Amino acid sequence: MTFRGVRITILLGVLITLAALTSWERWFVAQWMRPLHIVIYPINGDHNEQVQAYIDALTVDDFTEISQFINQQSARYRLTPIAVPQVKLAHTIATEPPLPPKPPASAVDIALWSLKLRQYVWQNTAFWQSLGQVKLFVVYHQGEDGVALEHSLGLQKGLIGVVHAFAQPQQNAQNNVVITHELLHTLGATDKYDANLQPIYPEGFADVDGNVPHYPQSEAEIMAGRIALSPTHAVMPKRLQDCVIGAKTAFEIQWH
Ligand SMILES: [Zn+2]
């Protein structure tokens with residue numbers, strides 16, 4: 001075989017192995033038979049001392065309600081209980097994950113960004129150890145009133161989430177809503193809101209059996225991300241206790 005042939009063979013081998021590992025991870029988490037490992041990697045998004053002090057004070061207890069929420073919601077759909085998910089707080093990462101291309105982005109831009117993100121994960125996590133674990137990179141910002149944070153995202157390929165969150169203790173409960181939303185994306189759940197950020201009926205509603213016209217709702221379906229108060233007004237839930245996992249999301253994450 002020529003040198004070029006050898007190189008192509010090795011490259012193909014690497015790509016096939018990566019694709020196989022990615023499918024295995026997806027299959028593995030969809031079983032719900034072993035505890036789902038959710039690993040939080042904090043990142044100082046503002047590179048200042050205030051955000052660092054907030055990160056240094058974080059403990060795993062600040063995130064355990066995420067596993068409690070998933071466990072408690074699963075009981076509404078599954079006859080056999082799931083293994084209780086485990087949350088781990090990992091080391092802080094010094095650099096931020098690559099930002100997704102701004103829309104309208106070409107398929108090539110998106111593919112390149114997704115490769116860069118995989119490389120970022122590769123460089124900052126223990127590869128073999130983190131296989132089959134959901135890796136959530138939480139970028140903390142002090143935040144300014146009226147200035148929106150970057151959009152958070154969760155990818156099923158590679159079980160990777162990037163969450164932009166507020167470095168304020170009073171925001172912890174709402175940060176956990178955003179973290180859980182992105183975590184469920186990594187497990188295959190889709191968004192359930194429309195172009196105006198309004199929850200879509202019925203899959204984006206927490207209570208679908210109540211009286212017509214279904215408004216106002218008192219809880220949010222987690223993948224709709226908002227509580228529909230009227231057909232044109234919805235608010236973000238303040239904590240996971242104000243959220244549910246709806247039937248469609250439950251189906252998407254293999255709770256059936
Ligand atoms: Zn989403």
Side-chain angles (χ1 to χ4, degrees), residues 22 25-26 29-30 36 38-41 43 45 63 65-67 69-70 73-74 85 87 96-105 109-110 113-114 117-118 120-121 134-141 143 148-166 171-206 208 217 219-229 233-255:
T22 305
E25 278 193 317
R26 261 160 108 155
V29 294
L36 177 69
I38 305 158
V39 189
I40 312 263
Y41 295 88
I43 296 148
F63 305 97
E65 63 180 7
I66 297 172
S67 60
F69 172 76
I70 292 174
Q73 290 294 309
S74 72
V87 185
E96 284 170 55
L99 285 177
K102 294 254 180 298
D109 288 342
I110 293 170
W113 162 77
S114 124
L117 185 62
R118 296 295 284 271
Y120 173 87
V121 175
V134 180
K135 299 155 276 284
L136 298 174
F137 301 91
V138 184
V139 188
Y140 287 100
H141 307 267
L149 296 180
E150 289 286 341
H151 281 292
S152 298
L153 56 98
L155 301 175
Q156 202 177 3
K157 241 186 191 171
L159 307 178
I160 302 163
V162 177
V163 178
H164 291 272
F166 288 106
Q171 287 282 335
N172 286 2
Q174 198 167 50
N175 286 344
N176 282 341
V177 173
V178 182
I179 292 172
T180 307
H181 176 104
E182 303 309 336
L183 161 69
L184 292 172
H185 272 313
T186 73
L187 303 176
T190 58
D191 282 323
K192 293 169 183 68
Y193 55 82
D194 66 16
N196 300 317
L197 306 179
Q198 278 288 124
I200 296 169
Y201 183 83
E203 63 261 37
F205 280 55
V208 283
Q217 292 275 305
E219 293 174 311
E221 201 287 329
I222 186 84
M223 298 314 289
R226 281 180 168 73
I227 307 170
L229 299 178
H233 184 50
V235 293
M236 261 206 78
K238 291 202 163 48
R239 49 202 188 123
L240 281 170
Q241 290 95 311
D242 299 335
C243 303
V244 301
I245 291 181
K248 187 169 179 197
T249 300
F251 182 81
E252 288 166 338
I253 62 171
Q254 315 283 331
W255 282 353

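All values below come from the heavy atoms of this structure, side chains included, with hydrogens, waters and symmetry mates left out. In each ligand, atom 1 is the first atom listed, and ligand 1 is the first ligand listed. If you're wondering where the values come from, they're calculated on a predicted model, not measured in any experiment. The chain is numbered in sequence order, starting from 1.
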**Asked** Is there a donor-acceptor pair closer than 3.5 Å between any side-chain N or O of Gln198 and the backbone N or O of Ala234?
**Response** yes
**Request:** Classify the angle between the aromatic ring planes of Phe137 and Tyr41 as parallel (below 30°), tilted (30 to 60°) or perpendicular (above 60°).
**Result:** parallel
**Request:** Kindly write out the residues that satisfy side chain to side chain donor-acceptor pair (under 3.5 Å) with Thr22, not counting sequence neighbours, or none if the list is empty.
**Result:** Arg118
**Message:** Can you confirm whether or not the ring centre of His151 sits under 6.0 Å from the ring centre of His164?
**Reply:** no
**Prompt:** Taking atom CG of Leu136 and atom CG of Leu159, what is their separation to the nearest 0.5 Å?
**Reply:** 9.5 Å
**Request:** Test Met236 against Gln174 for side chain to side chain contact (heavy atoms under 4.5 Å, CB included), laying out the working first.
**Result:** CA-CA 8 Å; Met236 261 206 78; Gln174 198 167 50; 3.6 Å; yes
**Request:** Tell me how many protein N, O or S atoms are closer than 2.8 Å to the Zn ion (ligand 1).
**Result:** 3
